[in-house]
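First up is the structure itself, then whatever we jot down about it.
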Protein chains: 2
Amino acid sequence: MTDPASVAFRSTCPLASVLDIIGDKWTLVIMRDMLAGKTRFSEFLDSPEGLSPRVLSQRLSFLESQGMIQKVQAGRTHPAYVLTDKAMELKEVGIRLAEWGLRHIPGRVSPYLDKFRDED
Amino acid sequence: MTDPASVAFRSTCPLASVLDIIGDKWTLVIMRDMLAGKTRFSEFLDSPEGLSPRVLSQRLSFLESQGMIQKVQAGRTHPAYVLTDKAMELKEVGIRLAEWGLRHIPGRVSPYLDKFRDED
DNA sequence: CAGTATCCATTTTGATACTG
DNA sequence: CAGTATCAAAATGGATACTG
C-alpha cells in the first residue's frame, strides 16, 4: 500500500485528526454503501442521498489516498471499490452512530442495520 | 442562524441523518472539549484546532436546537454549555474514533483519552 | 467575557455536458 | 459505464471589530 497522502491536520488530537479524514457528510455514507455490498461508481451514485459524480469522484480518490479503500480493476471489467481492513475497523462506529440515529431521530428507517450487526 | 433549526435530512437512513447533525469537522471537537470539562465560550475558543467565534457560535446554537447541549446560565454568571444525556450517548463513539486515530495516524497525542475511557 | 456583525476569501456543491 | 471538465451558486470559513 502506498503512503497516505498528507492531510492538513488541525492538531495532533486523534479525534480531530480522524475528523480531518472522515468528518463530513458524505464519506461515511459512501462507506456504508460499500458495507452494503456496493462496489461500483454508478451504484454509489444511486444512493438515496443523491451525491454528484464530482463529489463521489473526489471522495473516492481521497479515501484511496488515505488507505481507506482500494480500487480493484481486473482486466477490462468495471472498477470495484472495496474497504480496506483499516476502514473496516470503523464499521462498529458506523453501526453505533446508526443506532443512535434510530433512537433519537424520528422516522429513520434502516433496512440493513440488522444485517450489519449480525456480521460482527 | 438563530432559528430553531430543523435539519434538512438527506434521507431516512439513520447514519446519514446522524451525519446531517454531527457530520462536520467541528462538532465532535466541541463535544470533546465539553467532555474534557470545558464549559465556557472562551475555553472552546482556546482549543488547539483554533476555531473562530463565528463558527463556535453557530455550532453551539445548532447543537442546542438539536437537544445535544444545554446552555446553563445562573444569574449574572458566565453561561455554561453542557452535554445532554442524548449527546453523552455518543461518548463511546468518540472514544472509538480517537482510538482508531491513535492506531492509524502517526504522531497523534492524546492526554485525555485514558481519562475518558476510565469514566465509562 | 460572551457573543454578534461584517467583510471577504476559500471551499464546496449541483447540474450537466463531455470523453474514452 | 466510469469518470472528468466546466460554470455558476451557495455554503463555509477566518479575521476582526464591535456591543452589552
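Just the heavy atoms: all of them, side chains too, but no hydrogens, waters or symmetry mates, feed the values below. Residue numbers begin at 1 in each chain, while the letters A, B, ... track the order of the sequences.
As rounded to whole Å, 10 Å separates atom C1' of C/dG3 from atom CG of B/L60. In this entry the distance linking CG of B/D24 with P of C/dT13 reads 12 Å, nearest Å. One atom, CD of A/Q58, and another, P of C/dT11, lie 12 Å apart when rounded to the nearest Å. Atom CZ in A/F62 sits about 20 Å away from atom C1' in D/dT4, given to the nearest Å. Distance B/F41 CZ to D/dG20 P: 17 Å, rounded to the nearest Å. Atom C1' of nucleotide C/dA2 and atom CG of B/L56 are separated by 10 Å, given to the nearest angstrom. The distance from atom CD of B/Q73 to atom P of C/dC1 is 15 Å, rounded to the nearest whole Å. In this structure, the CZ atom of A/R40 is 4 Å from the P atom of D/dA2, given to the nearest Å.
Pair assignment for D/dA5 gives C/dT16, based on Watson-Crick or G-U wobble hydrogen-bonding distances that are each under 3.5 Å.
Taking the six-membered ring where tryptophan is involved, the planes of B/W100 and B/H104 are tilted, since the angle between them lies from 30° to 60°.
With respect to the salt-bridge test (charged N to carboxylate O, under 4.0 angstrom), the residues A/K25 and A/E49 do not qualify. A salt bridge links B/K91 with B/E119: the closest approach of a Lys/Arg side-chain nitrogen to an acidic carboxylate oxygen falls below 4.0 angstrom. Under a 4.0 Å N-O distance rule, the pair B/D118/B/K115 does not qualify as a salt bridge.
Heavy atoms of A/F44 sit nowhere under 4.0 angstrom from any nucleic acid atom. Across all strands shown, A/P79 has heavy atoms under 4.0 Å from sugar-phosphate atoms exclusively, and none from any base. Residue B/K71 is classed as a sugar-phosphate contact, given heavy-atom separations below 4.0 Å to backbone atoms only. Within the 4.0 angstrom heavy-atom criterion, base atoms lie near B/R54.
A/R108 forms a cation-pi arrangement with B/F9, by the criterion of a distance under 6.0 Å to the ring centre and an angle within 45° of the ring axis.
OP1 and OP2 of D/dC1 both lie 4.0 Å or more from every side-chain N or O belonging to A/H78. Side-chain nitrogen and oxygen atoms of A/S42 include none within less than 4.0 Å of the OP1 or OP2 phosphate oxygen of D/dC1.
With DNA chain D read from its 5' end, the first of the two nearest nucleotides for A/S61 and B/P53 is the one closest to A/S61.
Of all nucleotides listed (C/dT13, D/dG13, C/dA2), C/dT13 comes nearest to the side chain of A/R59. Closest to the A/Y81 side chain, of the nucleotides C/dA2, D/dG3, C/dT13, is D/dG3.
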